[in-house]
Amino acid sequence: MNGITIALSKGRIFDETLPLLAAAGIVPAENPETSRKLIIETNRPEVRLVIVRATDVPTYVQYGAADLGVAGKDVMIEHGGEGLYSPLDLNIAKCRMMVAVPEGFDYQNAVRQGNRLKVASKYTKMAREHFASKGVHIDLIKLYGSMELAPLAGLADAIVDLVSTGSTLKANKLVAVEDIMEISSRLVVNQASLKVKRETLQPIIDAFARAVER
Ligand code: PRT
Ligand code: MG
């Protein structure tokens, strides 16, 4: 099969990848926000898109169900990146991984006291590594969403979550107290596909790279 499959998630990744696809001469036939289709054809008969959950993009590419994908650095770190080649920072869907606590919670003091901190997050790998590197002992509570609720409901002292505008923290009376890392999305490529389909894939990767530089 010489066709190319690109895995994308709906929302910000799809929206911010559109100009990069256009630079590679790829225009989706439909918008996944309005169409319920999970496979979207493009103007190029040999190129199709599959619409998956953001956290599933590395998995589709890892097993070769997609040749290319776009995934956040957060998603890549939590996935582990086995079997994936990620040649390009696309500089899209930017945000920061942060530690946040309720307004008025004396985080520095809590950390200094050496008490175990209850931390809730969807990003358990990054949370674990961050606090381990600080030598802070934590009880980690895995959540799948709405992390901001955890401190308000008494489930946790702190959360580790992505912040872009900061308005979600603010609306829930939380404040960011630590910056873990800057996050953007990367292009991920299946290594076997790159060998077998290089003739089709390389020009797409090159067009993405040129568009990012602009
Ligand atoms: O939403 P869903 O549960 O389907 O999946 P997802 O959250 O994994 O996907 P999606 O599409 O929301 O995010 C895809 C990628 O976008 C993430 O993997 C990040 O790399 C990147 N990204 C950039 C963000 C944000 N900005 C962001 N602000 N991902 C999530 N958020 C959330 C954040 O978790 C928090 O709840 O937005 C809220 C904070 O936003 P502000 O603007 O109020 O600070
Ligand atoms: Mg989301």
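When a ligand or atom number is given, it counts from 1 through the structure's own listing order. Because the structure is a prediction, the values reported are computed rather than measured.
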Applying a strict 4.0 Å limit to heavy atoms, is Lys122 in contact with ligand 1?
yes
Closest heavy-atom approach to atom 18 (O) of ligand 1 among Asp74, Asp15, Asp56 is made by Asp74
Tell me, please: is Gly145 in heavy-atom contact with ligand 1, that is, under 4.0 Å?
no
To which protein heavy atom is atom 29 (N) of ligand 1 closest, and what is the distance rounded to 0.1 Å?
Leu162 CD1, 3.5 Å
Is Arg96 paired with Glu182 through a side-chain N to carboxylate O contact shorter than 4.0 Å?
yes
Considering non-hydrogen atoms of the protein only, which is the closest contact for atom 15 (C) of ligand 1, and what is the distance?
Ile13 CD1, 3.9 Å
Shortest non-hydrogen pair, Val57 vs Val70, comes out as CG1-O, 3.5 Å
Against heavy atoms of Gly72, which atoms of ligand 1 measure under 4.0 Å?
20 (O)
Should Asp161 be counted as touching ligand 1, given the test is an N or O pair under 3.5 Å?
yes
Just to be sure I'm reading this right: ignoring hydrogens, which of Met147, Lys73, Glu16, Glu148 gets closest to atom 36 (O) of ligand 1? Compare them by their nearest heavy atoms.
Glu148
Checking Lys10 against Glu33 for the salt bridge (Lys or Arg N to Asp or Glu O under 4.0 Å) test, could you report, in this order, the C-alpha distance in whole Å, the side-chain angles of both residues, the deciding distance, and whether it holds?
CA-CA 7 Å; Lys10 281 203 277 200; Glu33 295 302 339; 5.0 Å; no
Atom CD1 in Ile141, atom CG in Asp157: separation rounded to 0.5 Å?
8.5 Å
Per-atom filter on ligand 1: closer than 4.0 angstrom to a heavy atom of Ile183 are 20 (O)
Which one of Met98, Lys10, Arg12 has a non-hydrogen atom at the shortest distance from atom 27 (C) of ligand 1?
Arg12
Mark up the atoms of ligand 1 that fall under 4.0 Å of a heavy atom belonging to Val163, in ascending order.
44 (O)
If only atom types and distance count, is the side chain of Glu148 paired as donor or acceptor with the main-chain N or O of Thr168 below 3.5 Å?
no
Passing candidate, side-chain contact (heavy atoms from CB on, under 4.5 Å) with Val101, options Leu117, Val177, Asp106
Val177
Shortest reach to atom 2 (P) of ligand 1 by a heavy atom, considering only Met76, Glu78, Arg53, Met97:
Arg53
Polar proximity ligand 1 side, Ser164 side, N/O cut 3.5 Å exclusive
yes
Does any donor atom in the side chain of Asp89 or Ser184 lie under 3.5 Å from an acceptor atom in the other side chain?
yes
Considering only heavy atoms of Ala54, which atoms of ligand 1 have at least one such atom less than 4.0 Å away?
8 (O), 9 (O), 14 (C)
Can a cation-pi geometry be assigned to Lys142 and Tyr144, taking NZ or CZ under 6.0 Å from the six-membered ring centre and within 45° of the ring axis?
yes
Assess whether atom OH of Tyr85 is packed by more than 12 heavy atoms of other residues, nucleotides or ligands within 6.0 Å.
no
Quick one: do Asp139 and Arg116 make a salt bridge, cutoff under 4.0 Å?
yes
What atoms in ligand 1 come closer than 4.0 Å to a heavy atom of Thr165?
41 (P), 42 (O), 43 (O), 44 (O)
Numbered atoms and elements of ligand 1 in range of Ala93, under 4.0 angstrom, heavy atoms:
16 (O), 21 (C), 22 (N), 23 (C)
If the cut-off is 4.0 Å to any non-hydrogen atom of Thr168, which atoms of ligand 1 fall inside it?
38 (C), 39 (C), 40 (O), 41 (P), 43 (O)
Numbered atoms and elements of ligand 1 in range of Val75, under 4.0 angstrom, heavy atoms:
18 (O)
Would Asp67 and Lys197 pass as an ion pair if we require N to O under 4.0 Å?
yes
